[in-house]
Amino acid sequence: MPMIETGEILQTMRMIQEENFDIRTITLGINLLDCADHDPLVCAERVYDKICRTAQHLVSTGEALELELGIPIVNKRISVTPVSLICQGDPRPIAQALDRAAKETGVNFIGGYSALMQKGATLADERLLASIPEVLSTTERLCSSVNVASTRAGINMNAVREMGEIIKETAQRTADQDGLGCAKLVVFANAVEDNPFMAGAFCGIGEPESVINVGVSGPGVVKKALESCKGAPFDTVAETIKRTAFKITRVGQLVAREASQRLGIPFGIVDLSLAPTPARGDSVAHILSEMGLEMAGAPGTTAALALLNDAVKKGGVMASNHVGGLSGAFIPVSEDIGMIEAATAGALHLEKLEAMTCVCSVGLDMIAIPGDTSAATISGIIADEAAIGMVNNKTTAVRVIPAVGKKAGDTVEFGGLLGFAPVIPVNSFKCDEFIARGGRIPAPLHSLRN
Amino acid sequence: MTKALISVTGLDTTGIIARVATKLADMNINILDITQTILDGYFTMMMVVDLDGAHMGFADIDKELQTVRDELKMSIHMQRMDIFDAMHRI
């Protein structure tokens, strides 16, 4: 192999030191199906033991790789089998066991307090849903997700209605922390089984006994690369993003392979998502601005995001032997300084965000809405987002935070990677009767596509 | 072969290379390549080394290098070459 040139070494160092390039997460997926028991306490004990045993070297391995490769690996996390599949009684002891296991193994989040109910609910799903507000207000590191729709099954509107109420109640129970519980709760359409990112990570039933999935980041690197092609046509923009995404993903692949080897756990996928943080220079919205928009939300935003999302995938897919998860650009509001600025300035509205979710990964993410928004309205937002996912055969999600006692223009503060956000207004016309209907919206036809 | 890059940057002074090279020799680490320049009094050196013969593991080598860093008041980083190979070579 030809010797690496000085310029190439400096470029890598600059990406890491100045442009916030990092590995966002190594997520260890663990199958918990063998922990099922009719006694929730026995099940909880097995869950705790299995996670602690399987993940005992996860954090130390991540830290060793960080040191040796000289790149930050920001999060080490665990995803588990959706808890509703292993729980035959009260799921709350299992929630506490998961939280304790997260603390014992040193991971900052554990995902999988989840139910898959796109077509209907089992008794276990119902029990899990009912427990979510209490669980998210009494645990620290546990994340919850619920799949309410899929392209094949349609939208379970009963689940959509329930989730509106659950989000409201979770916000109430964690009101003293600005509704932090809702930041750990995501409602999906077409949820994926190998997503390494929180709050929506869980270990799907098609996954192996345990698996290593890696999420890369690097919006700052992409923005910096685009600074070198100011005014150039979009062909050049797309090409530049592809080249950058390739380089970023190669490092993700290296970390995934090394982590997999050292832990003796098979490598699953690299998730190509561009994940922002609230730090300056780590923003997806600023990439859109670099393309020539005054702010994210300006006309042209959806087109810019579509180009970005596609180019990231095209560049990344060549760099890894297995790509999966959500793989696309994330557009969380509170976790992206450019999005925060755009929402504060009034450039970015909920409706524009919804349009953006049609062309990028995931959906309405980390958006603070007024505390007096009704449960039915939140369900309406979920239904719209689920419809986009269902019809377009893609993953969509809703993670909104009703800011208790606050109104549009106020600010909520979560701290750390979760950031802060202005409360943005929600359309005040009602959808109560629509949501009250319940039932299922049938799966869409996938021929005659016009 | 486990290759690593050691980058040394900071204000130029006498004996930087000697100090770093001596420390590496003490640990039985072979130097494969050195590039060094001075820009506006700012010393920049990149060394490619072979860690296979070293008496200790990566973390301990890194700690030893930190003592040199403190002594010379320069920035010294070591990282495996794999990250550069992954990013820039197919």
Side-chain angles (χ1 to χ4, degrees), chain A residues 1-19 21-23 60-73 214 216 218 221-222 225 242-259 261-262 270 315-321, chain B residues 1-10 17 20 24 27 29-40 42-54 56-69 74-90:
Chain A
M1 192 180 294
M3 190 67 196
I4 298 290
E5 291 164 20
T6 309
E8 293 171 326
I9 288 172
L10 291 175
Q11 183 190 44
T12 303
M13 289 178 157
R14 202 166 47 236
M15 281 182 179
I16 296 167
Q17 286 161 18
E18 294 168 24
E19 298 163 14
F21 173 39
D22 54 48
I23 299 299
S60 58
T61 303
E63 285 168 353
L65 282 174
E66 223 171 336
L67 177 73
E68 290 177 28
L69 296 174
I71 183 163
I73 299 171
V214 165
V216 296
V221 183
V222 173
K242 275 159 67 179
R243 283 171 191 276
T244 311
F246 180 84
K247 289 179 181 174
I248 290 172
T249 310
R250 288 276 288 182
V251 177
Q253 170 77 20
L254 172 67
V255 168
R257 197 181 61 222
E258 289 265 346
Q261 265 168 11
R262 289 185 193 195
V270 174
V317 81
M318 293 287 288
S320 170
N321 46 4
Chain B
M1 192 193 292
T2 310
K3 288 198 281 184
L5 178 94
I6 298 173
S7 58
V8 183
T9 51
I17 298 181
V20 176
L24 293 174
M27 295 185 282
I29 293 169
N30 190 27
I31 299 170
L32 303 170
D33 191 28
I34 298 183
T35 1
Q36 183 251 303
T37 54
I38 293 170
L39 276 175
D40 300 329
Y42 210 69
F43 177 95
T44 307
M45 173 170 73
M46 281 185 267
M47 250 178 194
V48 179
V49 299
D50 173 10
L51 299 181
D52 282 353
M56 52 188 94
F58 194 100
D60 292 322
I61 299 170
D62 191 60
K63 270 191 206 127
E64 286 295 316
L65 286 174
Q66 293 318 308
T67 62
V68 184
R69 185 189 71 175
M74 305 202 63
S75 157
I76 302 183
H77 285 289
M78 177 173 67
Q79 55 201 124
R80 272 170 42 197
M81 281 303 287
D82 303 58
I83 187 167
F84 304 105
D85 289 333
M87 196 178 263
H88 301 287
R89 293 290 178 271
I90 301 172

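Throughout, a chain's letter reflects where its sequence line sits, starting with A, and its residues are numbered from 1. Heavy-atom basis, side chains included; hydrogens, waters and symmetry copies ignored.
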Please classify the contact between A:Ile9 and chain B as side chain, backbone, both or neither, with a heavy-atom cut-off of under 4.5 Å.
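Contact with chain B is through both the backbone and side chain of A:Ile9.
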
Which bit of A:Gln11 comes within less than 4.5 Å of chain B, counting heavy atoms only: side chain, backbone, both or neither?
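Only the side chain of A:Gln11 comes within 4.5 Å of chain B.
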
B:Met46 portion near chain A, given a 4.5 angstrom heavy-atom threshold:
side chain

For B:Asp62, is it the side chain, the backbone, both or neither that has a heavy atom under 4.5 Å from a heavy atom of chain A?
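The side chain, not the backbone.
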
Just wondering, are more than 12 heavy atoms of other shown residues or ligands nearer than 6.0 Å to CE in A:Met318?
no

Applying side-chain contact (heavy atoms from CB on, under 4.5 Å) between A:Val255 and each of A:Val270, A:Ile73, A:Val216, report the one that passes.
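Going through the options one by one, the only one that passes is A:Ile73.
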
Might you work through the salt bridge (charged side-chain N to carboxylate O under 4.0 Å, His left out) test for A:Lys247 and A:Glu19, ending with a clear yes or no?
CA-CA 14 Å; A:Lys247 289 179 181 174; A:Glu19 298 163 14; over 6 Å; no

Hey, is the main chain of B:Arg89 close enough, under 3.5 Å, to the side chain of A:Arg250 for a donor-acceptor pair?
yes

